[in-house]
A.B. asks: 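Dropping the structure in here first, questions after.
Naming convention: chains lettered A, B, ... in sequence-line order (proteins, then strands); numbering from 1 in each chain. Remember, it's a predicted structure, so these values are computed and weren't measured experimentally.
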Amino acid sequence: MSLLRAFMVGLTVASTGAHAVQLNLPAPVTEIARDVYDLHTLLLVITAAIFVVVFAVMFYSLFRHRKAAGHKARLFHENTTVEVIWTVIPFLILVGMAWPATRVILDQKSTRGEDMTIKVTGYQWKWRYDYLDEKVGFMSHLATPRTAIENGSAKGDHYLLEVDEPLVVPTGKKVRLLLTANDVIHAWWVPALGIKQDAIPGFVRDTWFKVDQPGIYRGQCAELCGKDHGFMPIVVDARAPADYEQWLAAKKAAAAAGAGDPDKVWSLADLMARGEKAYLQNCVACHQANGKGIPGAFPSLVGTPMVTGDLAAHIDIVLHGSKKNPAMAAWGPQLSDTDLAAIITYERNAWGNNTGQLVQPKDIRAARGGKG
Amino acid sequence: MAVVTDTEQGHHARPRGWSRWLAATNHKDIGTLYLWFSFTMFLTGGVMALGIRAELFQPGLQFWQPDLFNQLTTLHGLIMVFGAIMPAFTGMANWLLPLMIGAPDMAFARMNNWSFWLLPPAALLLIVSFAVPGGAASAGWTLYAPLSTQMGMGMDLTIFAIHIMGISSIMGSINIIVTILNLRAPGMTLMKMPMFAWASLITAYLIIAVMPVLAGVVTMVLTDRHFGTHFFNAAGGGDPVLYQHVFWFFGHPEVYIMALPAFGIVSHILPTFARKPLFGYASMVYATSSIALLSFMVWAHHMFTTGMPATAQLFFMYATMLIAVPTGVKVFNWIATLWQGSISFETPMLFAIGFVCLFTVGGLSGVTLSVAAVDIQLQDSYYVVAHFHYVLVAGALFSLFAAVYYWFPKMSGRMYSERLGKLHFWWSLVWFNVTFFPMHFLGLAGMPRRIPDYALQFTSFNEIASVGAFCFGLGQLIFLYNILWSLRRGDPAPAKPWEGADTLEWQLPSPAPYHSFVEAPELEVGENGAIRGMKGGVHH
């Protein structure tokens, strides 16, 4: 089977000019993906054979039994024997397909005996990964610049399939994913790993994979989740266990350092700089880089009462989301006090809003009820 | 067979001007309205498809912002399903059923008028929704919650349009069922009815069973949106996946609502041009019925990635695979119908043969998708897009073209241009495959559906598909031109232009009299509605 698979993978990735044209499933890197690959090959061979045999008969008839060739019709119209035969044979073929498929389905579903667990949360339009045993967690955003999407700059090799922070996993370990979502249904799909699982708000689903070889494997959200559904890629960076441990230690150290002083008082310029960065990562998809939103769908933040009027209401809607418009998410659980303070300060001072008002991290902490 | 001309000017008078159409109660006029309406919707949805393919010709955003792109994919799907394909089959049923079974008209002529005239306002709501704040619905034609609870008022207009179209198709179905069960001419027993009547009858039952389910689920979305319910909101104790269960309980039978009438049409055309009776008539009836029954038991195969328990994955996989058996029986019966025939290749026959081949390709990729383990890899990818366009374009649409060419002489009294018809077929066949075959590769390689922009390795096949789509779309103008030209200039059609045609409608003059079978004929009928003898029958 593995020889056949190697042959199929080689055969179906034809290199033409700039991009390799891929005709088949990507080369599998997990046991499940290999099983799915082989199952698909089996189905392809069977269905292609059925097609060829059945339509060979039909085209033979179309050719030989033409009126133009002088063929006279024979007026038979039933034959119980052949009708029974062509009911039973397809049934047996289907049983032959169902047998191996059942085994793979049971394997896909056996999520027990995991070595580690990662919680995956879908957001409009990014992913969050929490390493449950390690207290490490981070957001993973599309890294392709907006200008490349709008054809203002060159597109790199991994256009739309690159992120700022990939999901790093160790090879040879059974990784169990717990999936959920914050807003609407998303689906976490990495073809080379052979898994796709919907992430459903309010519910937790699980799936698993075990990668054999270190490497970078790319995928995308597969369930339509709104405007930027096409712009929330998934990158899995599988590393040898030692390299993974090293990455994990560095990640923990950085998280400890990044927390910083919660009582620090920031200057307007510093808040604006940090706010712009955080705005571009989190808010720009709806409210746009120019703050004007999209009329009818996403409100403008330029000179509107929300960003120039009552500060408490502004902090409230960013922290807790909008009661009227479910598209405005609650950002409190997603972002740090510092990032929220920076974003709100940015919104109140950018694009000519110039209220001159500053929001400090401690203000956000107070708005959260002092607990942070 | 005598055609008796009636001079009475009462309710048999032929109305003229706009009131003929607005107040239409004649099944032929209403059928004509349905067919023109669905063709208009086909062009509208087609233009949206070209908008989608234009954006996908190259990576990067060229024409539309992502939000508008999603509106285009959503409305393309809704308009093609509810505006083009379903009304086209209803139109065919309206035109043909009374002629095929010897009925004077549809059973409820005034309700028939109402079921048609509900459709244009519904279509208008869908099209107008592009102009309201927030734009049209952009949650995909499946309108999955909770995404569909986020949209602007375009979603409300869409929900209202679905309600209206649902009422329309339920009324149309009631008419079809009552007409077939009550108005058959003496001698036309159920097990001798033409296959198109059988297919329409079973389809009508499917519609009555599932359209209320769709209406219910979109109403639940509506109340979640505006009236504080939490059917699909987990925070309020609801379940987003409930939407999918209810939607696909409608959605899978819906697939057969768009396929069974096509099976019926092809079961007329293949025997006619093979000059041989349909092979296995009884088993065709049973196969159609079992497909309809099975279609209620397979809905969750659209949901293999939602994370159902293994037992549910297995049940829905086995049930889905089972549908391949009766579907296979139909294909084998069609091929046996051709076997040892005396076959000629007029345009309807070409489309019917194209249907059998390409629908089978869609069926075989469907078997591949039915295997849950593989489906998890392919679900929501372009492989699925390829699969259902083989079933719906090369399936439903090709069968409709075949039907229009086949019955055009009976409807209009004129022959279509065979040269243009053949050109239309070969053109459509080639560009259909150029458009949709590469999508199998895109899906296998990992391109999700419903994205406005894609990674660079998908470029080549998207370029090919876009070129194919524009050529395919352009080719449909050949069809429009052929119809318009032939309506005025086509050669006069004889009563029976096809040597091998033997059902009742070919016993009438062409064009069919405005009021046919005002008095029912006495029929001597063979299988599949073949007329062996006929006495009486009065037309005006």
A.B. asks: Is L62(A) close to chain B through its backbone or its side chain, or both, or neither, when contacts mean heavy atoms under 4.5 Å?
C.D. replies: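 Interface part for L62(A): both.
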A.B. asks: Please classify the contact between V356(B) and chain A as side chain, backbone, both or neither, with a heavy-atom cut-off of under 4.5 Å.
C.D. replies: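 V356(B) touches chain A through backbone and side-chain heavy atoms alike.
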A.B. asks: Taking the side chain from H71(A) and the backbone from I343(B), do they hold a donor-acceptor pair closer than 3.5 Å?
C.D. replies: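 Answer holds: no.
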A.B. asks: Cation over ring, K276(B) on F76(A), under 6.0 Å and within 45°?
C.D. replies: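 Yes; both conditions hold, so K276(B) lies above the ring face of F76(A).
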A.B. asks: Can you tell which part of V371(B) gets under 4.5 Å to a heavy atom of chain A, answering side chain, backbone, both or neither?
C.D. replies: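 Only the side chain of V371(B) comes within 4.5 Å of chain A.
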A.B. asks: What part of R225(B) is in contact with chain A, defined as an atom under 4.5 angstrom from a non-hydrogen atom: side chain, backbone, both or neither?
C.D. replies: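 It is neither, since no heavy atom gets under 4.5 Å.
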A.B. asks: Ring centres under 6.0 Å, that's the criterion: do F59(A) and W339(B) meet it?
C.D. replies: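 Between F59(A) and W339(B), the centre distance exceeds or equals 6.0 Å.
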A.B. asks: Check whether P271(B) gets within reach of chain A through its side chain, its backbone, both or neither, counting any heavy atom under 4.5 Å.
C.D. replies: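 Contact with chain A involves no heavy atom of P271(B) at all.
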A.B. asks: Less than 4.5 Å to any heavy atom of chain A: does that hold for the side chain of T306(B), its backbone, both, or neither?
C.D. replies: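 Both parts, heavy atoms under 4.5 Å.
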A.B. asks: Most heavy-atom pairs under 4.5 angstrom with chain A, which of V329(B), N528(B), V241(B), D453(B)?
C.D. replies: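 Winner by heavy-atom pair count: D453(B).
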A.B. asks: Taking all non-hydrogen atoms of both residues into account, name the closest pair between L147(B) and L224(A) and its distance.
C.D. replies: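 Residues L147(B) and L224(A), closest heavy atoms: CD2-O, 3.5 Å.
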A.B. asks: Relative to chain A, which of I353(B), V331(B), L442(B), V132(B) shows the most heavy atom pairs under 4.5 Å?
C.D. replies: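 Among the listed options, the one with the most contacts to chain A is I353(B).
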A.B. asks: Without hydrogens or angle criteria, can the side chains of W189(A) and Q377(B) be said to hold a donor-acceptor pair below 3.5 Å?
C.D. replies: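 The answer is yes; a qualifying pair exists.
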A.B. asks: Which region of D67(B), side chain (C-beta onward) or backbone (N, CA, C, O), has a non-hydrogen atom less than 4.5 Å from a non-hydrogen atom of chain A, or is it both or neither?
C.D. replies: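 Looking at D67(B), backbone and side chain both touch chain A.
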A.B. asks: At a 4.5 Å cut-off on heavy atoms, which part of A187(A) comes close to chain B: side chain, backbone, both, or neither?
C.D. replies: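 Interface part for A187(A): neither.
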A.B. asks: Is it the side chain or the backbone of L338(B) that comes within 4.5 Å of chain A heavy atoms, both, or neither?
C.D. replies: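 For L338(B), heavy atoms of backbone and side chain both lie under 4.5 Å from chain A.
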A.B. asks: Enter the distance from D198(A):CG to F304(B):CZ here, rounded to the nearest 0.5 Å.
C.D. replies: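 If I round to the nearest 0.5 Å, the distance is 13.0 Å.
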A.B. asks: What part of K109(A) gets closer than 4.5 Å to chain B, counting heavy atoms only: side chain, backbone, both or neither?
C.D. replies: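 Contact with chain B involves the side chain of K109(A) alone.
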A.B. asks: Heavy-atom cut-off 4.5 Å, strictly under: side chain, backbone, both or neither for L75(A) against chain B?
C.D. replies: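 Interface part for L75(A): both.
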A.B. asks: Heavy-atom distances under 4.5 Å only: say whether A145(B) touches chain A with side chain, backbone, both or neither.
C.D. replies: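 Backbone only.
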A.B. asks: Would you indicate whether the side-chain heavy atoms of M58(A) and C357(B) approach each other to under 4.5 Å?
C.D. replies: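 A side-chain contact under 4.5 Å exists here.
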A.B. asks: So for T149(B), is it side chain, backbone, both, or neither that comes closer than 4.5 Å to the heavy atoms of chain A?
C.D. replies: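 Backbone of T149(B) only, per the 4.5 Å heavy-atom cut-off to chain A.
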A.B. asks: So, do V57(A) and F332(B) sit near enough that their side-chain heavy atoms are less than 4.5 Å apart?
C.D. replies: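 V57(A) vs F332(B): side chains apart.
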A.B. asks: Where does N233(B) contact chain A at under 4.5 Å (heavy atoms): side chain, backbone, both or neither?
C.D. replies: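 Neither part.
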A.B. asks: Which bit of M151(B) is near chain A, if near means a heavy-atom gap under 4.5 Å: side chain, backbone, both or neither?
C.D. replies: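 For M151(B), neither part sits under 4.5 Å from chain A.
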